2 protein chains.
Amino acid sequence: MNEPTRDWAFFDKALGVGLQLGLEVESVLFREQTEHQDLVIYQTAQWGRVMALDGIIQVCERDEFIYHEMLTHVPMLAHGAAREVCIIGGGDGGMLREALRHPVDRITMVEIDDSVVELSKTWLPGICAGAFDDPRANLVIADGARFMAATGQRFDVIIVDSTDPMGPGEVLFTSAFYGDCKARLNPGGVMTTQSGVVMIQGGELTTTVSRLGEHFVDAHGYIAAVPTYSGGFMGFGWGTDNTTLRQTSRDEIAARATAINLTTRYYNADMHGGAFALPTYIAERVEAGK
Amino acid sequence: MNEPTRDWAFFDKALGVGLQLGLEVESVLFREQTEHQDLVIYQTAQWGRVMALDGIIQVCERDEFIYHEMLTHVPMLAHGAAREVCIIGGGDGGMLREALRHPVDRITMVEIDDSVVELSKTWLPGICAGAFDDPRANLVIADGARFMAATGQRFDVIIVDSTDPMGPGEVLFTSAFYGDCKARLNPGGVMTTQSGVVMIQGGELTTTVSRLGEHFVDAHGYIAAVPTYSGGFMGFGWGTDNTTLRQTSRDEIAARATAINLTTRYYNADMHGGAFALPTYIAERVEAGK
């Protein structure tokens, strides 16, 4: 452990898109083949600590705020009154940390791999930032799809913070799972999903919007640019039956953010709407799913 | 030439930000130490052809449309009636190609390195796409800063498509150069500049906005996400004395694009305004320059 390597680690080759991202590494902090995945935690030279699963970066301390803020605050502030929230996946605790910044009653987080949670607490404490100790946080170690099919709980917002659609994460991209989410949402509820980097995994966003559209009146997509998720914009899926949510005005979003003293480094009232402004190559992927 | 390598080439290490981008390469098409720079053209496996100068990707066939559309169409359609346009740099001809899609009288393109133009025509013909043969195109091989200080021409839009602010491109980031641009703009004219990838070259956008602000009433920044310019959003500088340009409505922008049958793959009327919605970490960089 903690081998000094002063070297470079390369990621994303496994995506098969002719691209790799290299980060300068000071040491390997932890490496383990878990029951589900091959997990490595690096101390990088300039990007903080990085956790990779099967050679794909899952979380990077320097830019994780982008992904976590955008998958959480967009649905939470569009809804405006979420009290019961569900996070599927999200083992590093970053999504939980952001969701807890809203005045919720309870956040149920369902993670399949308890070792990811424990390792994140140990090696990436700045990402969960104590979130698991919040009395409103309810951590369930279970298969997210099975949980959603069986639970008697109801939610105002469901956030799907999954890995890519291969291996254990694959079931979280199915129509059946989205249907179960829909059935567990309170009236006016909304769900958001991680849907891949659009230029290199473009079919993913189309498929997500299409499958969300089988269950929701308003199925759509929005975007954020996360440096260590190589390939330009990451896409997020959006599903709700409340067609007014996306029309919430900039001023109303700003007022809601101010009311809870929300300070962020990427998300803001301008970006809330701006994230739904889609480059043509992405808009085409979204429309293809409608 | 055309050595079969079936290998990977790595870029951006020279930026010193602990990050590299690797692209799978089928062959090196061309390599030359020019008077000004070390230039290599690769045939990549999945990203088309790529031209690199001093180990930094300058243009990549697969995603060049993003950079070229956004640095051109945002000022051109905000202005709405540009007849005389100047491009500083832009040797590959992509900026010229996009600017010629507007009803202009003349586009004066000032490139310091004629070998970049010739090599681009030979090896990257899809990027200039015949633009240099357009009778409205006026190619000047000269130092852009000296040209701007001396020319008697006047322009409605000036687009600065420079390399990074080191070596020959450095002078294109100075206040003196921006002042010369301002002096050569017709009333109501606008200039835009390449200002680096914000997360890894963040001081560049602040400095650009600050120096533009020494000459223009409205100095600001906007953004686009270009996958092979690693690090998230690229920043662009914006300078004009016409404070109404940024307020042009979405519908008016859409009408202007439709009137010239503008078809694009990234830029559209939503993204025109969306590009000025800045993530907080970028908004702070822009505000620091004001």
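Letters A, B, ... mirror the listed sequences (proteins, then strands); counts begin at 1. It should be emphasised that the depicted structure is a prediction, and the values quoted were computed from it without experimental measurement.
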Measuring only between side-chain heavy atoms, which start at C-beta, is Leu19(B) closer than 4.5 Å to Leu23(A)?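 Yes, at least one pair of side-chain atoms sits under 4.5 Å.
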Considering only heavy atoms, which portion of Ile66(B) lies under 4.5 Å from any heavy atom of chain A: side chain, backbone, both, or neither?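 The side chain, not the backbone.
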For Phe276(B), which atoms come within 4.5 Å of any heavy atom of chain A: side chain, backbone, both, or neither?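 Neither part.
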Taking every non-hydrogen pair under 4.5 Å, which of Ala275(A), Gly22(A), Ala225(A) racks up the most with chain B?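 Top count of heavy-atom pairs under 4.5 Å with chain B: Gly22(A).
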Just verifying a value: how many Å separate Leu205(B) CG and Ile282(B) CD1, rounded to the nearest 0.5 Å?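 Reported to 0.5 Å precision, the distance equals 7.5 Å.
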State, to 0.1 Å, how close [X] and [Y] come at their nearest heavy-atom pair, and which atoms those are.
{"X": "Pro227(A)", "Y": "Gly231(B)", "answer": "CG-O, 3.2 Å"}
{"X": "Ala277(A)", "Y": "Gly274(B)", "answer": "CB-CA, 4.2 Å"}
{"X": "Ala9(B)", "Y": "Val25(B)", "answer": "CB-CG2, 3.5 Å"}
{"X": "Met76(B)", "Y": "Ala99(B)", "answer": "CE-O, 4.4 Å"}
{"X": "Val209(B)", "Y": "Gly221(B)", "answer": "CG2-N, 4.4 Å"}

Restricting to side chain to side chain contact (heavy atoms under 4.5 Å, CB included), what partner residues turn up for Pro103(B), sequence neighbours left out?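 Result, side chain to side chain contact (heavy atoms under 4.5 Å, CB included) vs Pro103(B): Arg83(B), Ile260(B).
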Pairs of donor and acceptor atoms under 3.5 Å between chain A and chain B, please, with atom names and distances.
residue	atom	partner	partner atom	Å
Gly16(A)	O	Gln46(B)	NE2	2.9
Val17(A)	O	Trp47(B)	NE1	2.9
Gly18(A)	O	Glu24(B)	N	3.0
Gln20(A)	N	Gly22(B)	O	2.8
Gln20(A)	O	Gly22(B)	N	2.7
Gly22(A)	N	Gln20(B)	O	2.8
Gly22(A)	O	Gln20(B)	N	2.8
Glu24(A)	N	Gly18(B)	O	3.0
Gln46(A)	NE2	Gly16(B)	O	2.9
Trp47(A)	NE1	Val17(B)	O	2.9
Arg62(A)	NH2	Met199(B)	O	3.0
Met199(A)	O	Arg62(B)	NH2	3.0
Arg265(A)	O	Tyr281(B)	N	2.6
Tyr266(A)	O	Thr280(B)	N	3.1
Tyr267(A)	O	Thr280(B)	OG1	3.3
Asn268(A)	ND2	Leu278(B)	O	2.9
Asn268(A)	ND2	Thr280(B)	OG1	3.1
Leu278(A)	O	Asn268(B)	ND2	2.9
Thr280(A)	N	Tyr266(B)	O	3.1
Thr280(A)	OG1	Tyr267(B)	O	3.3
Thr280(A)	OG1	Asn268(B)	ND2	3.1
Tyr281(A)	N	Arg265(B)	O	2.6

Best-contacting candidate, Val17(B), Val226(B), Ile223(B), against chain A by heavy atom pairs under 4.5 angstrom: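 Option with the greatest count: Val17(B).
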